[in-house]
Trainee: 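Below you will find the structure I want to go over with you.
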Amino acid sequence: MLGAFFEDINYSADGGLYAELIQNRDFEYDPSDREGDKNWNSTHSWALKGEKTTFTIDTTDPIHINNPHYAVLNVEQPGAALENTGFDGIALNTGEKYDFSIFARVPQGKSNKLQVRLVDGKGNVCGETSLTVSSRQWKTYKAVIIAKATADTHLEIIPQSVGELNLDMISLFPQNTFKGRKNGLRKDLAQVLADIHPRFIRFPGGCVAHGDGLKNIYQWKNTVGPLEARKAQRNLWGYHQSMGLGYFEYFQFCEDIGAEPLPVLAAGVPCQNSACHGDLRGGQQGGIPMSEMGAYIQDILDLIEWANGDAKKTKWGKVRAEAGHPKPFNLKYIGIGNEDLITDIFEERFTMIFNAIKEKYPEMIVVGTVGPFNEGTDYVEGWKLADKLGIPMVDEHYYQTPGWFLNNQDFYDKYDRSKKTKVYLGEYATHIPGRKANIETALTEALYLAALERNGDVVHMTSYAPLLAKEGHTQWNPDLIYFNNREVKPTTGYYVQKLYGQNAGNEYLPSKITLDNRDDQVRKRIAASIVRDSASGDVIVKLVNLLPVEVNTNVDLSGIGAIQSSAKRTVLTGKPADTPLPVEDTMEVAEKFDYQLPAYSFTVIRIKKANEK
Ligand code: AHR
């Protein structure tokens with residue numbers, strides 16, 4: 001049930017999970033990415049330091065039509081440096097290796113040696129290399145830099161001869177990425193995500209998937225293939241997506257951590273909050289013109305072929321194989337739409353896409369959408385459409401107060417079990433005034449997740465939102481994990497997700513947990529869920545106490561089979577202002593045992609069946 005939802009919001013991708021260290025490596029930042037910021041253009045993050053050299057941007061004869069801008073240096077006298085400040089600096093770790101690469105040409109044919117340095121704030125050179133550009137045509141040059149210090153640096157490229165140089169795709173990548181993948185993911189960030197043990201990852205959004213206006217709809221084909229041929233695009237959260245982290249990398253990451261990929265594609269309509277951005281067809285009610293829907297639907301079918309098609313016999317399977325993955329990715333789920341307004345325009349397009357997928361790939365589990373809230377017109381109309389078409393699953397979204405979650409623990413208990421359509425709770429989080437993540441929000445989520453486990457026959461998938469946020473570049477709060485260039489700072493809510501992910505079961509055991517207090521206001525602040533993991537035979541007891549006082553409970557496990565008397569216990573507890581970490585120990589358990597829930601706590605007790613170590 002428990003998965004993760006990755007959206008490129010809050011600098012989650014470039015400058016975040018995607019390990020590239022150079023910002024605007026392709027000179028494709030565009031003023032339309034961030035209106036009103038006069039520094040947001042092709043030279044963003046770049047500057048020329050020194051004299052007798054000019055730095056301009058050109059678009060004549062680029063590396064690729066999708067990547068039209070590049071830097072031109074005209075060196076009258078060597079000495080000046082083209083500098084890049086990275087994403088809030090370039091964090092190096094001593095002894096580690098970094099792959100430097102650059103596309104370059106010397107139009108006049110006169111070779112030019114480039115000195116490449118990583119320099120800290122005090123002027124110390126913390127790593128360096130050099131390479132000689134000799135080709136009149138675009139050519140990639142590569143070198144490895146070994147960091148001499150753990151330092152926050154910037155990049156300097158210093159031509160050693162006079163003449164014109166054209167430069168593009170200037171990249172610096174740690175070799176030490178997650179699983180050592182080239183063009184890979186930042187290791188520490190990817191690891192905290194993997195530690196949740198998500199059974200699936202939904203990507204690339206959220207609003208990013210359906211985009212701000214028709215021209216901003218995320219097009220998966222623009223995000224695969226050689227990096228220099230990928231098409232960068234404005235990110236509707238007010239910045240730029242290089243697409244270095246594209247569909248191939250998302251699928252690869254899913255495979256690396258054993259999660260099912262859940263790509264989400266626009267249902268032929270852009271985000272319901274679209275501000276058009278010059279595309280008058282793509283405002284709130286706009287849809288892809290019918291004359292273009294055939295091509296759009298073909299793109300979606302092509303994605304399924306790209307993910308699952310034979311490497312030799314299918315066109316898109318071949319493309320996947322050429323990118324380095326001959327084996328199919330075994331895609332099972334595909335999301336169509338993201339909390340859209342359920343208008344006639346939406347319904348018409350969604351139905352066309354749904355029918356086309358069903359016809360060609362009947363085994364595919366299509367995940368539809370029922371608007372941005374847990375009630376209202378879009379929720380009602382979305383569900384009507386789901387019932388009418390027999391959509392296998394719909395994506396529900398709700399960001400709510402602690403009170404809402406407390407009072408709606410029976411939300412899915414009331415669900416009509418005869419319905420064909422299952423639920424994916426794709427976006428949820430507890431929001432309190434000030435929108436901070438704290439133990440109250442985390443325990444509210446733990447409490448609600450217990451109710452979702454109880455309703456696992458209906459709610460097949462869940463994912464908290466949003467996942468990642470870079471400090472200083474955050475558009476949305478709260479998020480599950482904050483980070484900067486060096487640190488990863490999981491919230492208390494993260495540990496709740498991780499404890500649920502690592503202690504998931506596949507069999508729900510009706511629980512017999514008695515409380516010594518019968519007051520309804522007390523009882524709704526206590527939750528329990530008991531599940532069994534059939535692979536290991538472990539029984540997992542989860543207990544949540546959202547009260548500021550200890551509570552006595554009695555856990556009755558009779559009927560679940562013989563168990564060992566010593567169990568692993570993990571407790572997450574603290575005062576509202578704390579940011580506690582889970583603490584593990586062992587405890588004695590029996591068929592029936594008393595347990596005192598600490599104030600403000602989430603306890604997971606993992607019990608092995610008898611005769612197992
Ligand atoms: O999770 C942040 C945003 O919330 C998502 O992009 C969107 O789907 C929702 O409105």
Side-chain angles (χ1 to χ4, degrees), residues 2-14 16-17 193 196 198 200-213 216-218 233-241 245 250 262-275 277 282 284 334-342 346 350 367-379 382 393-401 404-405 423-432 435-437 441 445 448 461-470 473-483 491 493-494 497:
L2 196 126
F5 162 42
F6 179 89
E7 174 166 24
D8 185 3
I9 182 173
N10 309 318
Y11 274 67
S12 297
D14 295 311
L17 187 60
L193 301 187
I196 297 174
F200 66 89
I201 299 183
R202 168 181 172 226
F203 55 86
C207 292
V208 160
H210 56 177
D212 185 9
N216 194 239
I217 287 178
Y218 194 100
Q233 122 165 355
R234 167 176 167 261
N235 181 311
L236 54 57
W237 297 107
Y239 55 97
H240 182 88
Q241 301 172 88
L245 175 54
Y250 285 126
L262 170 53
V264 178
L265 295 105
V269 292
C271 179
Q272 69 275 19
N273 299 317
S274 288
H277 281 272
Q284 205 174 14
I334 189 162
I336 302 296
N338 174 61
E339 60 172 47
D340 302 286
L341 294 179
I342 311 297
F346 167 87
F350 180 92
V367 183
T369 182
V370 291
F373 307 113
N374 51 282
E375 59 186 359
T377 314
D378 300 314
Y379 182 79
M393 207 183 296
V394 289
D395 179 9
E396 296 191 345
H397 294 177
Y398 39 89
Y399 298 93
Q400 284 287 7
T401 59
W404 187 92
F405 284 109
V423 173
Y424 164 37
L425 177 53
E427 292 184 27
Y428 72 95
T430 314
H431 285 183
I432 55 173
R435 303 225 343 209
K436 282 200 155 213
T441 59
E445 287 145 14
Y448 199 68
M461 298 159 89
T462 69
S463 50
Y464 178 99
L467 191 58
L468 293 176
K470 186 160 195 174
H473 302 277
T474 299
Q475 294 89 42
W476 182 291
N477 281 299
D479 303 286
L480 201 62
I481 302 158
Y482 292 82
F483 65 94
T491 60
Y494 166 81
Q497 296 288 322

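We count ligands from 1, going down the list as the structure has it; atoms in each ligand are counted the same way.
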Trainee: By ring-ring contact (aromatic ring centres under 6.0 Å, His included), which residues pair with Phe5, not counting sequence neighbours?
Mentor: none
Trainee: Using the ring-ring contact (aromatic ring centres under 6.0 Å, His included) criterion, which residues pair with Tyr494? Sequence neighbours excluded.
Mentor: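 Per chain and number, Tyr494 pairs via ring-ring contact (aromatic ring centres under 6.0 Å, His included) with no residue.
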Trainee: Under the salt bridge (Lys or Arg N to Asp or Glu O under 4.0 Å) rule, collect the residues that match up with Asp395, sequence neighbours excluded.
Mentor: Arg202
Trainee: Return the OH to CG distance between Tyr379 and Asn374, rounded to the nearest 0.5 Å.
Mentor: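 With rounding to 0.5 Å, OH (Tyr379) is 7.0 Å from CG (Asn374).
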Trainee: Say whether, by atom type as modelled, one donor and one acceptor occur between the side chain of Thr369 and the main chain of Glu339 under 3.5 angstrom.
Mentor: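 Side chain of Thr369 to backbone of Glu339: a pair is present.
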Trainee: Between ligand 1 and the protein, tabulate every N or O atom pair separated by less than 3.5 Å, reporting distance only.
Mentor:
residue: ligand 1; atom: 1 (O); partner: Tyr399; partner atom: OH; Å: 2.8
residue: ligand 1; atom: 1 (O); partner: Glu427; partner atom: OE1; Å: 3.4
residue: ligand 1; atom: 4 (O); partner: Tyr399; partner atom: OH; Å: 3.4
residue: ligand 1; atom: 4 (O); partner: Glu427; partner atom: OE1; Å: 3.1
residue: ligand 1; atom: 6 (O); partner: Glu7; partner atom: OE1; Å: 2.6
residue: ligand 1; atom: 6 (O); partner: Glu7; partner atom: OE2; Å: 3.1
residue: ligand 1; atom: 6 (O); partner: Cys207; partner atom: N; Å: 2.8
residue: ligand 1; atom: 8 (O); partner: Asn338; partner atom: OD1; Å: 3.4
residue: ligand 1; atom: 8 (O); partner: Asn338; partner atom: ND2; Å: 3.0
residue: ligand 1; atom: 8 (O); partner: Glu427; partner atom: OE1; Å: 3.2
residue: ligand 1; atom: 8 (O); partner: Glu427; partner atom: OE2; Å: 2.7
residue: ligand 1; atom: 10 (O); partner: Glu339; partner atom: OE1; Å: 3.4
residue: ligand 1; atom: 10 (O); partner: Glu339; partner atom: OE2; Å: 2.7

Trainee: What's the shortest heavy-atom distance between Ser274 and Asp212, and which atoms?
Mentor: CA-OD1, 3.0 Å
